[in-house]
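For reference, the structure is listed below as structure tokens.
The analysis underlying the following values was restricted to heavy atoms, covering all of them including side chains, and did not include hydrogens, waters or symmetry mates.
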Amino acid sequence: MNNTQSNMSKWSVTSRVFHWISAVLLLITWILILLYENLDSNLYIGLHKAFGVSLLFWMIARVINRVFTKAPPALPMPAWQLWVSKLSHFALYATLIAMPLAGLLMSVYGGRPVDIFGLFQIPVFVTPDRSLARVFNDMHTDIIWPMIIAFTLLHIAAALYHQFVKKDNLLARMK
């Protein structure tokens, strides 16, 4: 083990919990929309919305945590890689907030409240407007979703590159 690996700082426990639960919420939300599209049950779309709103609130809490929690020092890497890393992390945070927000706005502009696991509802708090609902639908599915896929794949590829090509044990920082 080299010196970088033995002295490597981990992300804080809260940052690690936020990271992995965000990933799980995104995966569950994606699986639920696939189930809805293939099985056409309103149960799945309702759960998709509830998990999506949960992801929105989780990401807001995650941003607050990130503001108040110091990041570990960056590993040695070329400046362009550090810049791409910061940009892609920002894009992931932004899209993981924009995606459920667009979905929520699509629902309420469509005149549909959003039920959160039967515990409470987010009511229609705007004047329903079908054209705005379509705009938010298009943003949700055609713009933000491909961006989430692209930046998530970039994030995973970079982590795997560090782990298996550079062999700098970067993944240990998020365990």
Side-chain angles (χ1 to χ4, degrees), residues 11-69 71 83-160 171 174:
W11 283 90
S12 70
V13 171
T14 56
S15 294
R16 287 180 276 152
V17 168
F18 274 114
H19 174 272
W20 290 111
I21 291 179
S22 298
V24 169
L25 286 172
L26 179 62
L27 184 61
I28 289 169
T29 305
W30 175 66
I31 289 168
L32 287 166
I33 200 63
L34 286 178
L35 289 170
Y36 170 70
E37 289 170 350
N38 290 292
L39 301 175
D40 198 29
S41 168
N42 286 336
L43 168 69
Y44 299 116
I45 192 67
L47 287 171
H48 170 81
K49 291 177 182 185
F51 276 99
V53 169
S54 298
L55 179 59
L56 173 62
F57 291 135
W58 187 256
M59 286 305 300
I60 291 168
R62 185 175 177 183
V63 168
I64 292 167
N65 176 74
R66 183 67 185 85
V67 167
F68 291 105
T69 304
W83 184 83
V84 169
S85 171
K86 289 181 183 297
L87 179 66
S88 64
H89 280 100
F90 176 81
L92 271 172
Y93 276 67
T95 55
L96 289 171
I97 290 170
M99 181 73 162
L101 188 57
L104 175 62
L105 291 171
M106 170 181 41
S107 287
V108 295
Y109 274 112
R112 296 177 306 276
V114 177
D115 184 75
I116 308 299
F117 305 112
L119 300 172
F120 65 94
Q121 277 192 344
I122 297 176
V124 175
F125 55 86
V126 296
T127 302
D129 181 326
R130 287 279 175 205
S131 63
L132 273 176
R134 277 190 296 278
V135 167
F136 286 112
N137 176 69
D138 292 346
M139 287 175 57
H140 187 74
T141 59
D142 299 337
I143 298 170
I144 303 168
W145 178 237
M147 290 175 68
I148 286 176
I149 292 170
F151 285 109
T152 300
L153 289 175
L154 177 63
H155 181 71
I156 292 168
L160 294 175
L171 294 181
M174 201 46 83

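Under the 4.5 Å side-chain criterion, counting only non-hydrogen atoms from C-beta, Tyr36 is not in contact with Leu43. Looking only at side-chain heavy atoms (C-beta outward), Met174 and Trp20 come within less than 4.5 Å of each other. Using a 4.5 Å heavy-atom cutoff, the side chains of Asp138 and Ile143 are not in contact. Taking the side chain as every heavy atom from C-beta outward, Ile33 and Ile45 approach each other to under 4.5 Å. Put simply, the side chain of Tyr109 does not reach to within 4.5 Å of the side chain of Thr127, judged on heavy atoms. With contacts defined as side-chain heavy-atom distances shorter than 4.5 Å, the pair Val53/Phe57 qualifies.
Each of Val114, Ile116, Leu104, Leu32 was checked for a side-chain contact (heavy atoms from CB on, under 4.5 Å) with Lys49, and the lone residue meeting it is Val114.
Within a 6.0 Å sphere centred on CZ of Phe90, other residues, nucleotides and ligands contribute 12 heavy atoms or fewer.
Shown here for Arg112 and Met106, the closest heavy-atom pair between the two residues is NH2-O, 3.8 Å. The nearest pair of heavy atoms linking Val124 to Val108 is CG1-O, 3.4 Å. Annotation for Gly111 and Pro128: closest pair CA-CG, 3.9 Å, computed over non-hydrogen atoms. When all heavy atoms are compared, the tightest approach of Asn65 to Ser15 is ND2-OG, 3.2 Å. Across every non-hydrogen atom of Ser22 and Met59, the tightest pair is OG-SD, 3.6 Å. Shortest non-hydrogen contact noted between Gly52 and Pro100 is O-CB, 3.1 Å.
Taking the six-membered ring where tryptophan is involved, the planes of Phe18 and Trp58 are tilted, since the angle between them lies from 30° to 60°.
How far CG of Leu55 is from CZ of Arg62: 9.5 Å, rounded to the nearest 0.5 Å.
Applying the side chain to side chain donor-acceptor pair (under 3.5 Å) test to Trp11 and every residue at least two apart in sequence or in another chain returns nothing. Under the side chain to side chain contact (heavy atoms under 4.5 Å, CB included) criterion, Phe68 pairs with Ile64, sequence neighbours left out.
Under a 3.5 Å cut-off, the side chain of Thr69 and the backbone N or O of Arg66 do not form any donor-acceptor pair.
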